[in-house]
Student: 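Structure below; questions to follow.
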There are 2 protein chains.
Amino acid sequence: MARRGSYAKGVAKRGEILDAALEVIGRDGYSRATVREIADAVGLSQNGLLHHFGSKERLFVEVLRHRDELDRLAYGEGAGQRPDIAESLVRLVRHNARVPGLVQLYSRFSAEAAEEGHPAHGFFQERYATARGIIAEAIRSLQEEGRLPPGHDADRLAVLGVALMDGLQAQWAYDSGVDMAGHLAHFLDLVGLRSAARNPAGEDPDAGDPADEDPPAGG
Amino acid sequence: MARRGSYAKGVAKRGEILDAALEVIGRDGYSRATVREIADAVGLSQNGLLHHFGSKERLFVEVLRHRDELDRLAYGEGAGQRPDIAESLVRLVRHNARVPGLVQLYSRFSAEAAEEGHPAHGFFQERYATARGIIAEAIRSLQEEGRLPPGHDADRLAVLGVALMDGLQAQWAYDSGVDMAGHLAHFLDLVGLRSAARNPAGEDPDAGDPADEDPPAGG
DNA sequence: GTCTATATTGAGATAGAC
DNA sequence: GTCTATCTCAATATAGAC
């Protein structure tokens with residue numbers, strides 16, 4: 001509102017910086033992804049960059065927010081033909097295994113921001129609550145349709161699901177042979193969520209994911 | 001072997017430093033727990049402390065190793081009357097909820113050390129493998145005794161269990177109302193591990209834990 | 001052998017010129 | 001909106017006292 005003619009330029013520059021941050025983090029790892037490195041990658045000085053985001057923490061929060069937005073479009077409700085929670089989560093996790101830099105950013109940053117007073121504390125607090133809410137709501141929908149075995153507590157299952165996704169990332173970070181998506185799918189099978197969400201008739205639960213192609217997030 | 005008379009003194013000092021580190025981390029949080037703060041707490045200079053451990057990373061690894069050792073004695077095989085895996089894990093997690101500083105140290109440090117080449121990378125890599133191995137082995141024992149529903153993959157369940165413990169810590173860090181032990185117990189119930197491990201006859205699965213008293217780890 | 005004092009390096013944050 | 005210069009602070013390495 002109060003911003004002047006160069007508003008569009010600022011927005012474009014912010015997008016450019018987010019992309020550069022992603023690239024540097026992916027290439028050099030989180031601890032080498034300093035403000036200076038990212039600034040170099042985008043052709044700015046350190047403080048030329050910080051002018052747009054204020055601090056490293058705020059920059060990283062925006063990177064993660066941007067990631068969530070893209071993931072929501074690609075795997076969230078309304079994405080693809082079947083907005084089914086179990087399959088959406090498995091696909092999301094499968095996608096994550098192809099972007100280790102982002103996963104590392106998420107893991108380290110969320111661990112740091114757990115400390116009260118950290119600039120990103122509120123972001124993650126809200127994100128966890130939202131994630132649990134989305135999953136719990138999807139489970140309740142299945143229950144209303146009668147496609148889930150009775151006796152399941154949607155809120156509790158949501159906590160377990162979110163915890164599993166986080167925890168699998170930790171093990172995967174130390175052993176890339178850990179198949180995050182496979183283990184999540186196994187859990188969903190165990191609690192009856194996967195077959196319920198997909199096809200009550202009972203087709204092959206692993207069919208239908210042609211390759212691990214990136215979703216149409218960027219195109 | 002080559003060490004001389006002051007060996008015992010060095011060992012005692014190391015123990016003193018580990019205790020001080022725990023206290024500072026618990027009181028001020030991980031990011032305020034600098035080498036200088038810990039050194040002050042134990043009455044040493046920064047490098048007086050680093051002389052014993054070499055670096056902050058090595059000090060923290062020793063803190064976590066010491067914690068694991070105490071936990072193993074208190075909750076591992078042979079601790080208490082019933083060396084039953086499900087109950088041991090639930091009790092361990094319940095105990096963790098009473099030492100937020102240690103949990104924060106573990107979470108942040110394991111996230112940092114995921115980067116290849118970090119001084120603590122090997123420690124966590126080994127720790128994850130060991131944790132999975134212990135749980136998988138305990139499950140296999142139950143299976144051999146015929147106390148577990150058939151069709152369970154011990155190795156897969158172990159991965160899920162470890163992931164759950166890590167992931168629940170993350171959510172708990174942002175909302176201390178998240179009952180880590182309760183959610184883990186719920187998971188173990190869901191997969192049939194808890195009732196199998198405890199009492200095939202089917203007693204109240206939450207009885208027998210009088211209070212959340214600390215185990216005889218220090219005495 | 002053990003410690004104190006100090007210097008160096010590298011990170012992010014801040015101030016103010018253009 | 002971007003830059004240069006400077007500040008603070010943690011971690012590490014070195015020199016040398018006892």
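Small disclaimer: the values here were computed from a predicted structure and weren't measured.
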Student: Has the side chain of B/N47 got a donor or acceptor atom that lies under 3.5 Å from a matching backbone atom of B/L50?
Tutor: no
Student: Sequence neighbours left out, what pairs pass ring pair (Phe, Tyr, Trp, His ring centres under 6.0 Å) with at least one residue falling in residues 17-54 of chain A?
Tutor: A/Y30-A/F60
Student: What residues, two or more places apart in sequence or in another chain, satisfy ring pair (Phe, Tyr, Trp, His ring centres under 6.0 Å) together with A/H66?
Tutor: none
Student: Distance alone, cut at 3.5 Å: any donor-acceptor contact between the side chains of B/N96 and B/R67?
Tutor: yes
Student: Would you please classify the geometry between the B/F124 ring and the B/F109 ring as parallel, tilted or perpendicular, with 30° and 60° separating the classes?
Tutor: perpendicular
Student: Please report the distance, rounded to the nearest Å, between CG in A/D40 and P in C/dG10.
Tutor: 14 Å
Student: Can you measure B/Q46 atom CD to D/dT12 atom C1' for me and round it to whole angstrom units?
Tutor: 8 Å
Student: Would you say the rings of A/H118 and A/F123 are close, in the sense that their centroids are separated by under 6.0 Å?
Tutor: no
Student: Show the distances under 3.5 angstrom between N or O atoms of the protein and N or O atoms of nucleotides 15-18 of chain C.
Tutor:
residue: C/dA15; atom: N6; partner: A/N47; partner atom: ND2; Å: 3.1

Student: Taking DNA chain C as the partner, which of residues 18-36 of chain B come within under 4.0 angstrom of it by heavy atom?
Tutor: none
Student: Donor-acceptor pair, distance only, cut-off 3.5 Å: does the side chain of B/Q171 make one with the backbone of A/V159?
Tutor: yes
Student: Respond yes when some side-chain nitrogen or oxygen of B/S45 is under 4.0 Å from OP1 or OP2 of C/dT4, and no when none is.
Tutor: yes
Student: Using the salt bridge (charged side-chain N to carboxylate O under 4.0 Å, His left out) criterion, which residues pair with B/E137? Sequence neighbours excluded.
Tutor: B/R140
Student: Give me the residues of residues 49-61 of chain B where at least one heavy atom lies under 4.0 Å from an atom of DNA chain C, by number, or none.
Tutor: B/H51, B/H52
Student: Who are the salt bridge (charged side-chain N to carboxylate O under 4.0 Å, His left out) partners of A/R72, not counting sequence neighbours?
Tutor: A/E69
Student: Distance check needed: C/dT2 P versus B/L44 CG, whole Å only.
Tutor: 12 Å
Student: For A/R156, give me all partners under salt bridge (charged side-chain N to carboxylate O under 4.0 Å, His left out), at least two apart in sequence or on another chain.
Tutor: none
Student: Listing request: all salt bridge (charged side-chain N to carboxylate O under 4.0 Å, His left out) pairs with a residue in residues 114-123 of chain B, at least two apart in sequence or in separate chains.
Tutor: A/R108-B/E115
Student: Would you mind writing out the side-chain donor-acceptor pairs for residues 18-27 of chain A within the sub-3.5 Å range, not counting sequence neighbours?
Tutor:
residue: A/E23; atom: OE2; partner: A/R27; partner atom: NH1; Å: 2.8

Student: Which residues pass the salt bridge (charged side-chain N to carboxylate O under 4.0 Å, His left out) test with B/D166, not counting sequence neighbours?
Tutor: none
Student: Which residues within residues 113-124 of chain B lie with some heavy atom under 4.0 Å of an atom in DNA chain C?
Tutor: none
